[in-house]
There are 2 protein chains.
Amino acid sequence: MPAEASTSRPASPLTERQEARRRRILRASAQLAGRGGFDAVQMREVAESSQVALGTLYRYFPSKVHLLVATMQDQLEHLHGTLRRKPPAGDTAAQRVAETLMRAFRALQREPHLADAMVRALTFADRSVSPEVDQVSRQTTAIILEAMGLADPTPEQLSAVRVIEHTWHSVLITWLSGRASIAQVKTDIETVCRLIDPPEPTRRA
Amino acid sequence: MPAEASTSRPASPLTERQEARRRRILRASAQLAGRGGFDAVQMREVAESSQVALGTLYRYFPSKVHLLVATMQDQLEHLHGTLRRKPPAGDTAAQRVAETLMRAFRALQREPHLADAMVRALTFADRSVSPEVDQVSRQTTAIILEAMGLADPTPEQLSAVRVIEHTWHSVLITWLSGRASIAQVKTDIETVCRLIDPPEPTRRA
DNA sequence: ATCAAGTCTGAAACTTGTTCTAGATTAGCG
DNA sequence: CGCTAATCTAGAACAAGTTTCAGACTTGAT
């Protein structure tokens, strides 16, 4: 039913000034997150920094987690755009997916605080944020399927993709909290990507 | 180097009354969590319910997340004990691990609110909780390796185990926030466990 | 038994997410 | 243009995690 240009489902179309406010808020959020991570995104500061009253901020984003998940949607779109311009070049689907994820990972490494804010929000989100989190998940799935070069996947492949996403989120968390090295992140991503390639005979590393 | 009876590293031995306090606190925490999940575990209530001053609660557990992660350690020990008594019976390592995780999952299904509190705390934990989270991770790894019947795993196997843990945590989160069905949980666990069994022909458990 | 050091208590204070309110502003419409 | 409903603003108020403090209680060593 929905499907606008891309992401949102604007119940009411949003005037120009409203669109501008929304954008200012998201920019402020990403900016603050880029400094101190999740904790540094304080609702009063976001409001002030985006020149909007606190109440208005809450009208646009009903909670801090909603705000950060929306910020993530925003960033994901950028990423998706970038990836479309330069698709991964590996030979096998597994390689391409691993390459894609590692590329995303390097992007996050440049902004670890922002990554922290977004990922923590994503996994901390409760049911009230499900639609938004789901949207992020769909977008991620799309990116992975694209890297695989797969139009309509089988249920098994979908499960593998979900497992890859699970691993992606969790390994990020683990890295962000300093419990995994970058090498481990790489290894684990490559490991999980093994699920993609044919489990049947005829295969080599 | 360390390794006491099991879990903790008591810098100072803890008197009997202190041990009792600690236990009361953990019981109260699990109890409240069992009702309303993460949000229902309110520090003032935990303090009151365990007959301890708020300041004391914070001396034992320096934050709500520390408290809940400790609660999880506690529960994991129970689980490990139970599993030791009735080890999984599958033919292959993958089957046994999947069976083990599904058994754990069914246990969590019986206490979804408690699961919510523990898992959310675990993934929300920041660096200040790393040691405790790591301890949980080690315990989980031990459980999985035991199910595999593996004494000293190769680095590849360790990576596979980590990926399984990642999937386990993330799929739980997804289920708890209502974005995945129980069937999906099962499927995804089985999918990730495929990483265990021989990618080559010729191998036994 | 006594003293010092460390621990516990109760209560208040502080922080930050979230909600509420009353009054301005704006948008859409006749 | 003039009206009405919706939106926005400033700011107070509330909730729950966390910190702080003065005083009472325990503990361990002498």
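Every chain is numbered from 1 and lettered A, B, ... according to where its sequence line falls, protein lines coming before strand lines. Below, each value reflects all heavy atoms present in this structure, side chains not excepted, and no hydrogens, waters or symmetry copies.
Going from atom CD of Glu48(A) over to atom C1' of dG11(D) covers 14 Å, rounded to whole Å. Rounded to whole angstrom, the span from the CZ atom of Arg21(A) across to the P atom of dA6(D) amounts to 17 Å. The separation between Lys64(B) atom NZ and dG17(C) atom P is 15 Å, rounded to whole Å. Counting to the nearest Å, the P atom of dC8(C) and the CZ atom of Arg22(B) are 13 Å from each other. The distance between atom CE of Met43(A) and atom P of dA15(D), rounded to the nearest whole Å, is 19 Å. Whole-Å rounding puts the Tyr58(B) OH to dC21(D) C1' distance at 17 Å. Taking atom CZ on Arg59(A) and atom P on dT21(C), their separation rounds to 15 Å, with Å as the unit. Going from atom CG of Asp126(B) over to atom P of dT18(D) covers 10 Å, rounded to whole Å.
Of the candidate nucleotides dT9(D), dT19(D), dT16(C), dT16(C) has the atom nearest to the side chain of Arg44(A). Considering only the side chain of Gln42(A), dT16(C) comes nearest among dC8(D), dG28(C), dT16(C). Which of dT26(D), dT9(C), dA27(C) sits closest to the side chain of Arg17(B) comes down to dT26(D). Minimum atom distance to the side chain of Leu54(B) is reached by dA12(C), of the listed dG17(D), dA12(C), dT9(C).
Among the heavy atoms of the strands, none lies under 4.0 Å from Glu16(B). Heavy atoms of Val41(A) sit under 4.0 angstrom from primed sugar atoms or phosphate atoms, though from no base atom. Among the atoms of the strands shown, none is found under 4.0 Å from any heavy atom of Glu45(A). Across all strands, Val46(B) comes closer than 4.0 Å to no nucleic acid atom at all (heavy-atom distances). No contact: Phe61(A) has no heavy atom under 4.0 Å from any strand.
Using a 4.0 Å cut-off between charged side-chain N and carboxylate O, Glu190(B) and Arg194(B) make no salt bridge. Salt-bridge check for Glu48(B) with Arg44(B): failed, with every basic side-chain N at 4.0 Å or more from each acidic carboxylate O. Note on Arg23(B) versus Asp74(B): salt bridge recorded, some NZ/NE/NH1/NH2 to OD/OE distance being below 4.0 Å.
In summary, the side chains of Thr15(A) and Arg17(A) do not present any donor paired with an acceptor at a separation below 3.5 Å, with no hydrogens or angles considered.
For Tyr60(B) and dC8(C), the shortest distance from a side-chain N or O to OP1 or OP2 is below 4.0 Å. Listed pair Gln18(B) / dT27(D) fails the phosphate criterion, with no side-chain N or O lying under 4.0 Å from OP1 or OP2.
Considering only heavy atoms from C-beta on, Leu195(B) stays 4.5 Å or farther from Ile164(B) through its side chain.
Mapping Asp39(A) and Gly55(A) onto DNA chain C by nearest heavy atom places Asp39(A) at the nucleotide closer to the 5' end.
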